[in-house]
Amino acid sequence: MSEGAPCCPKCQDDRPNIDRLILAWAASATTLFCEHPNSFGCYPRATLNLKKPTPDQISRCILDGNASQAADLARACLDAGLDPLQALDPFVAAIRHAGDLFEEGEFFLPQLLLASDAMKAALAVIFPGSGAAASPLSRGTVLAGTVQGDIHEIGKNLVCALLSANGFRVIDLGGDVHLDTFLDQARQLQPDLLALSALLTTTMMQQKNLIVRLQETGLRGQVKVMVGGAPVTADWARSIGADGYAPDAARAVDEALRLLGQHRA
Ligand code: B1M
C-alpha cells in the first residue's frame with residue numbers, strides 16, 4: 001500500500017485519526033493501519049503494540065517548542081494506554097527543564113514562550129476542555145484564576161482540569177486576573193471556593209491582597225480560599241489566612257474536597 005493512501009473505505013473519512021495512529025507507531029510501522037474492524041482488511045487496534053513516546057522525545061519536542069508534535073505525542077501516550085496523569089508527567093518534567101535552562105541563561109524568553117505553547121497543546125489533548133465545563137454532578141463551584149500580574153496558566157489549567165474531572169463546577173477566569181475581577185465574579189457567581197494560583201514570588205502577595213479585600217468587602221465569610229503555585233507553601237497559606245493549600249493538582253482535588261466537606265466518590 002502506498003503511503004498516504006487510505007487503508008479502508010472508512011479511513012478515507014477518518015484521515016486525521018489514521019495519521020495520528022501512524023505517527024504513534026511510526027518507528028516500527030511497515031503497513032498503514034486503522035482501528036476499524038477486520039471486515040475492512042485493517043488491523044484491529046488491540047493487537048497493535050502502539051509505541052509509547054520516550055521521555056527524551058517529549059523533552060526534545062517541548063524544548064523545540066513544537067506544538068503540533070507535542071499534541072501528537074500526547075495522543076500517542078494516551079493511545080499507548082497511559083492514564084492522563086501518567087501521560088502528562090514527562091511533559092511537566094520537560095517544561096520545568098525549560099525553566100531551569102531559562103534560569104541558567106541557556107534559554108531566552110521567546111524559547112520559553114514556544115515551549116509553553118507546546119506544553120499547552122499537550123495539556124489540551126490530555127485534558128480536553130480543561131476547566132471550562134460545568135460537571136453535571138457538581139460537588140460545588142470553584143472560581144479559579146492566576147492572580148494579578150502573573151500570566152502563568154499551565155499549572156492552574158491542570159488544577160482546573162482535575163477539579164472538573166472530579167465533579168466540581170469550575171469557572172476559570174484565566175491568567176493575570178485583576179483583584180476586582182475576582183471580587184466582582186465572587187459576588188455574582190457565589191462560588192464555594194476560590195482557587196488562586198501564583199507562580200512568581202512577586203505575585204504571591206496578590207493572594208494575600210485578595211484575602212484582605214474579601215474581608216473588607218464582607219465576602220470572606222461566604223467563600224473558602226485555596227492557594228497554590230510553585231513558590232507557595234503551607235506556611236505562606238497559613239500566614240495569609242487562606243483556608244487551604246495544595247502543592248500539586250492531584251492534592252488540590254483532595255484539598256477542595258476537604259474544604260467543602262466532601263468525600264471522594
Ligand atoms: Co515563567 N517563570 N516567567 N514563564 N516559567 C517561572 C515560574 C520561573 C521559576 C522560571 C525560572 O526562572 N526558573 C521564574 C519565576 C521566578 C520566581 O519568581 N521565583 C519565571 C519568570 C521569572 C518569568 C518571567 C518574569 C520571565 C521574564 O519575563 N523575564 C515572566 C513572567 C511573566 C508574568 O507572569 N508577568 C515569565 C513568563 C513565562 C512564559 C510566558 C514564557 C511561560 C508561561 C506561559 C503560560 O503559562 N501561559 C513561563 C513558564 C512556562 C515558566 C516555567 C518554565 C514553567 C511553569 C509551568 O507551567 N510549570 C517556570 C519554571 C518552573 O516552574 N520550574 C517559570 C508546569 C506546571 C504543571 O507546574 O505551574 O508549578 P506549576 O503548577 C503545579 C503546582 O505549582 C500546583 O499544581 C500544578 C500542577 O501540579 N499549582 C497549584 C499551581 N497552581 C495551583 C493552585 C492551587 C493548587 C496547586 O490551588 C489554587
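The model shown is predicted, which means the values in this text are computed figures rather than measured ones. Note that ligands are numbered from 1 as they come in the structure, with each ligand's atoms numbered from 1 the same way.
Not a single heavy atom of Glu255 lies less than 4.0 angstrom from ligand 1. Within the 4.0 Å heavy-atom cutoff, Gly149 counts among the residues contacting ligand 1. Contact annotation: Gly229 has at least one heavy atom less than 4.0 Å from an atom of ligand 1. Residue contacts with ligand 1 leave out Gly244, since none of its heavy atoms falls under 4.0 Å from the ligand.
For atom 1 (Co) of ligand 1, the count of nearby protein N/O/S atoms, taking only those under 2.8 Å, is 1.
Counting protein heavy atoms only, atom 65 (C) of ligand 1 is closest to Ile95 CG2, 3.6 Å. Protein heavy atom in closest approach to atom 87 (C) of ligand 1: Gly228 CA, 3.4 Å. Looking from atom 28 (O) of ligand 1 to the surrounding protein, the closest heavy atom is Leu109 CD2, 3.6 Å. At the shortest separation from atom 73 (C) of ligand 1 among protein heavy atoms lies Arg96 NH2, 3.8 Å. The closest protein non-hydrogen atom to atom 75 (O) of ligand 1 is Ala230 N, 3.1 Å.
Checked against a 3.5 angstrom limit, the closest N/O atoms of Glu153 and ligand 1 fall inside it. Looking at Ala246 next to ligand 1, no N or O pair under 3.5 Å apart turns up. The N/O atoms of Thr201, backbone and side chain alike, include one that comes under 3.5 Å of an N/O atom in ligand 1. Of the N or O atoms in Ala249, one or more lie within a sub-3.5 Å distance of an N or O in ligand 1. Residue contacts with ligand 1: Ser197 is placed with a nitrogen or oxygen under 3.5 Å of a nitrogen or oxygen of the ligand (distance criterion only). Residue Leu196 has no N or O atom closer than 3.5 Å to an N or O atom of ligand 1.
The two residues Val147 and Ala198 come nearest to each other via the heavy atoms CG2-CB, 3.9 Å. Between Asp243 and Val223, the shortest heavy-atom contact is OD2-O, 4.1 Å.
There is a side-chain donor-acceptor pair under 3.5 Å between Gln206 and Asn209.
Counting heavy atoms from C-beta on, the side chains of Arg220 and Ile211 come closer than 4.5 Å.
In this structure, atom 8 (C) of ligand 1 has no protein heavy-atom contact shorter than 4.0 Å.
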